[in-house]
Amino acid sequence: MPDQTQQFASDNYSGICPEAWAAMAEANQGHQRAYGEDQWTARAADQFRQLFETDCEVFFAFNGTAANSLALSSLCQSYHSVICSETAHVETDECGAPEFFSNGSKLLTARTEQGKLTPDSIREVALKRQDIHYPKPRVVTLTQATEVGTVYSPDEVRAISQVCKELGLNLHMDGARFSNACAFLGCSPAELTWQAGVDVLCFGGTKNGMAVGEAILFFNKALAEDFDYRCKQAGQLASKMRYLSAPWVGLLQDDAWLRYAHHANCCARLLAELVADVPGVSLMFPVQANGVFLQLSEPAIERLRAWGWRFYTFIGAGGARFMCSWDTEEARVRELAADIRRAMA
């Protein structure tokens with residue numbers, strides 16, 4: 001039997017939540033029209049409009065790489081550039097897909113504070129050069145929550161949006177863990193997106209209880225022109241689209257998406273609290289979403305791995321990332337904390 005023990009390497013390790021699973025089973029009854037013309041896709045899109053309190057254009061893609069890359073490619077031409085953080089997923093983990101789908105739009109990295117872009121860092125990059133020999137900045141992309149587990153407040157998003165308007169830039173949000181940000185801040189999805197000036201959001205479902213599937217929401221509907229063709233060309237138009245959209249119906253109704261994100265966040269905070277007094281252990285970033293970034297000794301990291309724990313160490317020497325999920329068990333968090341304490345002793 002394969003090892004099914006809960007791990008903390010990634011929230012992608014988790015399975016499908018009951019609500020998404022039940023919706024897929026219900027969608028599996030009888031025949032439905034293909035290519036997104038089904039009732040489930042219409043219901044999911046309407047639930048998004050209700051949740052965000054606005055009439056936005058809604059599309060579905062298989063994964064976050066496709067969602068981000070296609071959204072960004074719809075916001076700029078090949079001679080434009082996209083301003084992102086140096087740790088942004090589009091920069092470090094999407095294999096050049098944003099550049100590929102935009103036919104060459106260049107990613108320009110800006111400095112961050114605790115993983116977050118600032119109005120000043122955006123202005124610095126956007127105004128660095130304005131001659132015709134340099135790719136013209138056209139888009140800013142934020143990750144919410146960030147790759148280091150920090151969260152942009154509505155005021156921070158609004159301040160960035162104001163800079164974007166001033167400089168003629170579109171604002172995109174990579175919301176792979178958008179649910180976790182909403183749970184931490186206690187504010188509405190609307191307050192964190194279009195009301196703060198976001199043009200396009202990629203809302204992540206995979207990391208919060210779905211098998212596959214991300215939603216792309218255009219609050220600026222003019223930017224969505226021909227986006228359905230873009231999805232088709234990129235192989236993102238599912239013929240049996242109801243299996244991508246139905247899980248969203250399950251996840252969005254009765255706020256299951258928010259409950260699960262809140263649970264994952266609480267598990268992350270618990271882990272941080274349990275190891276706070278361990279000599280030699282320090283938090284690298286504030287715990288604001290479902291990730292805990294700990295500075296550990298190299299021997300301790302080796303011991304933890306030898307004891308069967310799986311986690312990533314891509315954030316510098318001695319840095320270890322532990323991700324909690326919608327289904328993380330408190331007992332397993334306590335077990336990990338105890339082993340971190342033992343490994344550092």
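All values derive from a computational prediction rather than experimental measurement.
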Non-hydrogen side-chain atoms of [X] and [Y] separated by less than 4.5 Å:
X: E57; Y: F227; value: no
X: L201; Y: Q144; value: no
X: V200; Y: F219; value: no

[X] with [Y]: basic N within carboxylate O range, under 4.0 Å:
X: E191; Y: R158; result: no
X: E335; Y: R332; result: yes
X: R334; Y: E330; result: yes
X: R177; Y: D11; result: yes
X: E86; Y: R111; result: no
X: D120; Y: R123; result: yes
X: D277; Y: R341; result: yes
X: D38; Y: R33; result: no

Problem - Y35/M241 under side chain to side chain contact (heavy atoms under 4.5 Å, CB included): CA gap, chis, key distance, verdict - result: CA-CA 6 Å; Y35 301 108; M241 183 67 84; over 6 Å; no

In terms of side-chain heavy atoms, does [X] have a donor or acceptor partner in [Y] at a distance below 3.5 Å?
X: S121; Y: T118; value: yes
X: S105; Y: E99; value: no
X: Q6; Y: Y13; value: no
X: E214; Y: N63; value: no
X: S102; Y: S73; value: no
X: D327; Y: Y260; value: no
X: T146; Y: T150; value: yes
X: N265; Y: N290; value: no

For atom [atom1] of [X], decide whether the heavy atoms of other residues, nucleotides or ligands shown that lie under 6.0 angstrom number more than 12.
X: E166; atom1: CD; result: yes
X: K221; atom1: NZ; result: yes
X: H80; atom1: NE2; result: yes
X: Y134; atom1: OH; result: yes
X: L127; atom1: CG; result: yes

Could you grab the distance from atom [atom1] of [X] to atom [atom2] of [Y], nearest 0.5 Å is fine?
X: I83; Y: K128; atom1: CD1; atom2: NZ; value: 11.0 Å
X: H89; Y: D174; atom1: NE2; atom2: CG; value: 7.5 Å
X: F218; Y: C56; atom1: CZ; atom2: SG; value: 10.5 Å
X: I160; Y: L171; atom1: CD1; atom2: CG; value: 7.0 Å
X: L108; Y: R138; atom1: CG; atom2: CZ; value: 14.5 Å
X: E94; Y: F101; atom1: CD; atom2: CZ; value: 10.5 Å

Which pair of heavy atoms, one from [X] and one from [Y], lies closest together, and at what distance?
X: A211; Y: T206; value: O-CG2, 3.7 Å
X: Q47; Y: L252; value: NE2-CB, 3.5 Å
X: L70; Y: C231; value: CD1-CA, 4.1 Å
X: A268; Y: A289; value: CB-O, 3.6 Å
X: L251; Y: N208; value: CD1-O, 3.6 Å
X: C84; Y: L107; value: SG-CB, 4.3 Å

Practice task
Sort out for me which residue in V333, L336, L283 forms a side-chain contact (heavy atoms from CB on, under 4.5 Å) with V292.
Solution key: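 Considering V333, L336, L283, a side-chain contact (heavy atoms from CB on, under 4.5 Å) with V292 is found only for L283.
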
Handout entry: W326 six-ring centre to R259 NZ/CZ under 6.0 Å and within 45° of normal
Key =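 Checked: cation-pi criterion not met.
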
Practice task
With R310 as the cation and F322 as the aromatic partner, state whether NZ or CZ is under 6.0 Å from the six-membered ring centre and within 45° of the axis.
Solution key: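 Here R310 fails the 6.0 Å and 45° test against F322.
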
Problem - Plane angle bin for F178 and F52 - parallel if under 30°, tilted between 30 and 60°, otherwise perpendicular - result: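 F52 vs F178 ring planes: parallel.
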
Handout entry: Aromatic ring pairing F285/F293, orientation class (parallel under 30°, perpendicular over 60°, tilted between)
Key =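 Correct class here is perpendicular.
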
Exercise for the section: Verify the cluster assignment for F48 and L223: are they in a single hydrophobic cluster under the rule of side-chain heavy atoms below 4.5 Å apart? Expected result: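 In one cluster: no.
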
Handout entry: Connected-component partners of M323 among ILVMFWY, side-chain separation under 4.5 Å
Key =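 None, because no other hydrophobic side chain comes under 4.5 Å of this residue.
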
Practice task
Output, in order, the C-alpha distance, side-chain angles, deciding distance and verdict of salt bridge (charged side-chain N to carboxylate O under 4.0 Å, His left out) for R43 and D46.
Solution key: CA-CA 5 Å; R43 277 178 66 187; D46 284 342; over 6 Å; no

Exercise for the section: Apply the ring pair (Phe, Tyr, Trp, His ring centres under 6.0 Å) test between W248 and each candidate in F203, W40, F59; give the one that qualifies. Expected result: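 One option only clears the test, and that one is F203.
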
Practice task
Give the intermediate values and the outcome of side chain to side chain contact (heavy atoms under 4.5 Å, CB included) for residues N170 and V140.
Solution key: CA-CA 6 Å; N170 292 314; V140 170; over 6 Å; no

Exercise for the section: Check for a donor-acceptor pair, side chain of Q29 on one end and backbone N or O of A25 on the other, with a separation under 3.5 Å. Expected result: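 At least one qualifying donor-acceptor pair exists.
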
Exercise for the section: Please confirm whether the backbone N or O of T87 pairs with a side-chain atom of S85, one donor and one acceptor, at under 3.5 Å? Expected result: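 Such a contact is found between S85 side chain and T87 backbone.
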
